[in-house]
Amino acid sequence: MKALLRRLKFLLPSYRNAQEHEMEEELAALEQFAPRREMGNLTRAAEEARAVMGFPLLDGLAADFRYAIRSLRRDKAFTAVAFLSLSIGLAGNIAIFGLMDALLWRELPIRAPEQLVSFENTSRSYFGYTEFALRAGVALEDVLAQSDVTAVSLSAQSNSDQKGQISFVSGNYFQALGVQAALGRTIQPYDDDRGHPSRVVVLSDAYWRRAFGAGEVVGHALYVGKTKFEIAGVAVPEFFGLSVGEAPDVWLPLTAYQFVFPGSGSAWLDGKNNNWLEIFGRLRSGVSIRRAQAILTPISVDIDIIRSRISPSESVRRAMAQNAIRLIPASKGVSELRERFSQPLHVIFAMLAIGLLLACVNVISLQLARADESRKEFATRLAIGAGRWRVARQCLTEMFVLAAASAAAALLLYRPLASAVISMMSVWGDVPANLAVRTDIRLAWFVLVAGVTVTLVCGLLPAIYATRQNLRAGLSAASSAIAGNGRGAPLLRLAGILQVAISLVLITGTCLFALNLRALRNFDGGVRRTGLLDVEIDSSAGGYTEAKAVLLDDRLRTRLASVAGVESASFSENGIYLGRNSSNGFDVDHVTPSATERYGYYDYVGPNFFHTLGTTILAGRDFSERDTASSLPVVIVNQTLAKRFFGNESPVGHDFYMPEPGGRKRYQIIGVVRDVRDNLRVSRLTWYLAANQHRVHPFSTQFFLRIARPRAVILPAVRAALAEEDPRVEIASAKSVDELLNATLETDRLLAVLGWTFGGLALLLASAGIYGLLSYDVARRRSEIGIRSALGAQRADVAKVILYQAVQMLGFGLLIGGAAANVLTRFVRALVFQIRVNDPRIEILASVILILSALAAAWFPVVRATRVDPIRALRAE
Amino acid sequence: MDVVQGTLDMLVLRTLVFGPLHGYGIAKAIETGSGGKLDIEFGSLYPALKRVEQKGWVSSSWETSDSKRRAKFYRLTPAGRRQLQAEHSQWTEFVRAVAAIMGPLPGSNT
């Protein structure tokens, strides 16, 4: 006990200094009279005595740290380069890790998230939700529903153009999830009553802070759309809903839908085929997913039968039951973003990890070069009795200090980086991704592991190298040119080769994603994308009845088509590239055996729709003014549907059936059009119905204008034309289809932009590495070069010698990197479409870029080598 | 001959039984006491000295030697005396046990 206390005391600098002094004095006194020969190595004796008195490890560490900081400060160029490359590399990795954790791995902040399941991936109607809520009690404790987020005007004042994201949720939503209100109360079951709906909203913590400055809000008014609601409360900060990335600003009860969208809300609540809800359930304890599915399937079949108003035969019923309901564990929530960005994020993470590796290799080669220069110092320290382990530990400590400083800088940098990446993602159309990257224990662990890995990767090799040095060679000929071809050179060259190889992998990735984006930019999405304007028109203030609103759309279309500069105009309910869709089952009178899936997407569109979009009509005709409520119901199908169900036959003239509130309705196929799609990956079965034959009006209409003049000239004219027709009708938004289509390419853009960034950094790092290595080589071989030129070598010969090194490193590096890139690019095949991933041109392009920059980097050292003055070089020896 | 591992501390305590000595004096005392067989370099003795001091078995003070030189002298503390007692009996047992096994080798005439 006392002994431990005494040892602890030794950690105090004052006590320690006194003891040191005492020891020095004692040894000095003994040296006065004891014969030198018998005393032995006193430095070593003192060192070992120190170990006995204190904590040698701690002491040593403290000394190591002091020494590391001193030597890092002395070698400013090395420190700056290593610190910069490591902190940038770490920051990127931390940012993407945080993002992936938030998007892919984190559990929802709700009660018992492991019990939560979501109902397959297709959405359901309000009717479907209420049926499940009523009848699924055996399997599910609670059934709850939420709508996708929608952008509407949201403000404490009645007339404001501030937009916000809202989501409608079932009355039991907050209760069932165990989510509390931080202020006031949450939405309760009695708010969500079809008979007596309440006009209440719950705010998200973020919106409450942003819009209300975290002030008093409970009981205050909030205008959603044009309707006044009462604020019931604010949800707890960590809760963002069940869709990761969508985070609404405000939650409303489902039945409030009719208040927010007065024109059509009731129809959406009552229409059995309006699928706008995602349904979740909480499994009863002891009920497996499989069993719950078996219990829910008959309910689902009943709902489908009621929906489609058919009375099916037993065989049809059995066939419907085959299409069993699927439940998916939802402990991590559901996410459209997750599906789209999971793969790209993994690829980016891999690229970043490779980038960090490159930074490490760079640091290693710098360290090796340094170690070579400081050979003399190491040799001296070894000679005076410092243990090899101590010298190795010194190297590692230095690296640890560097890594820790870089990690600290990275922690400051990663948030803006993550935000920049998130800002390039959107859920769809005008709904930006809303993800919170949190600094928590998981992130801390990641930083720690990354930091230690960097320390070991960068520090171990130079540490071993430093201790393995030949003492005598180090002391006598540390900087001698003739003996200069030391052991560092092969290791250094290896580091150079690795740098080139890793850079080639990264640059190949960059070229791949960049070419992919270029290819996708030319992707037309099935329409003539330039000169096409999408104008969303809000007629809800007009107070139109449904039937009159349908007529209004066609009147507006005729009016807009006559505006000067507008070549053609049409409209549709869901528009294109906005992520909005309606879906339903269908049937055709002619089915090829392979076509079993009879579920697809549809839209109501106006006359001349495809003509206006510039979509090729492959067979039959476009919709026209003659397709009215009194004429034969008609449908146009897309190429995918036609191919799947009719093969090479023309579908024109065949019958098409769709379940509708009045029962199964028959349409005649009048045309086939090219697929209009927002991405290359998916082709959906799609059909188009004539809006003018339809009685129900959508809550918003997208008008399409084929324009021959700039949009800035057209829009005022359009506004004037609308005002003439009805001053209460407003333009809600106007976008060019070109921009919309570009927006749908964001995963590809994200990859390309990040790819460019990392590729550029990789190129910079590799060039810096090659420059550093060759510079070091020239410095080391100064006198060799001096002798060569003294013996009559020409400048070209000298340049050749140095260039040979560069070419050798490049050659081997390109070979290894090429092989690695060949293997690695296979993993990204699913992400690129227009180009073959193993197209040799990509690797050749990448190699050429790398060679050019490497040669540029080699230029300065080579020039320096040719200017070596033989006399000076030799005299320096 | 080298000192058997772990016995150096005991030897240091033993030499101090006769009175205080300085570091070099201890080394000398062990050498002469062993009839010159144990040649201990001061460099290896010094850490052992510090170790026993750390454990509280010896204490030290600056004194002037017979030859009028100032040096640091070490003396045995009561705790050190007890420790020496314990180690001494352990050591004799150990030596006896080893000697019992290491009897004359069979086939040798000595």
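Within every chain, numbering begins at 1; the chains are lettered A, B, ... in the order of the sequence lines, protein sequences first and strands thereafter.
Ring geometry for B:Tyr46 against B:Phe42 counts as tilted: the plane angle lies between 30° and 60°, on a 0 to 90° scale.
Close approach to chain A, defined as a heavy atom under 4.5 Å from one of its heavy atoms, is seen in B:Ala71, B:Lys72, B:Tyr74 of residues 71-86 of chain B, taken by number.
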Checklist entry - Hey, mind stepping through A:Phe78 and A:Gln367 against side chain to side chain contact (heavy atoms under 4.5 Å, CB included) and telling me if it holds? => result CA-CA 8 Å; A:Phe78 163 77; A:Gln367 292 251 80; 3.4 Å; yes
Item to check | salt bridge (charged side-chain N to carboxylate O under 4.0 Å, His left out) between B:Lys28 and B:Glu31, intermediate numbers included | outcome: CA-CA 5 Å; B:Lys28 267 287 176 246; B:Glu31 198 187 331; 3.5 Å; yes
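Within the 4.5 Å cutoff, side-chain heavy atoms of A:Cys360 are placed close to those of A:Leu86.
Residues forming a side chain to side chain contact (heavy atoms under 4.5 Å, CB included) with A:Thr455 (at least two apart in sequence, or on another chain): A:Met399, A:Phe400, A:Ala403.
Within a 6.0 Å radius of CH2 in A:Trp445, no more than 12 heavy atoms belonging to other residues, nucleotides or ligands are found.
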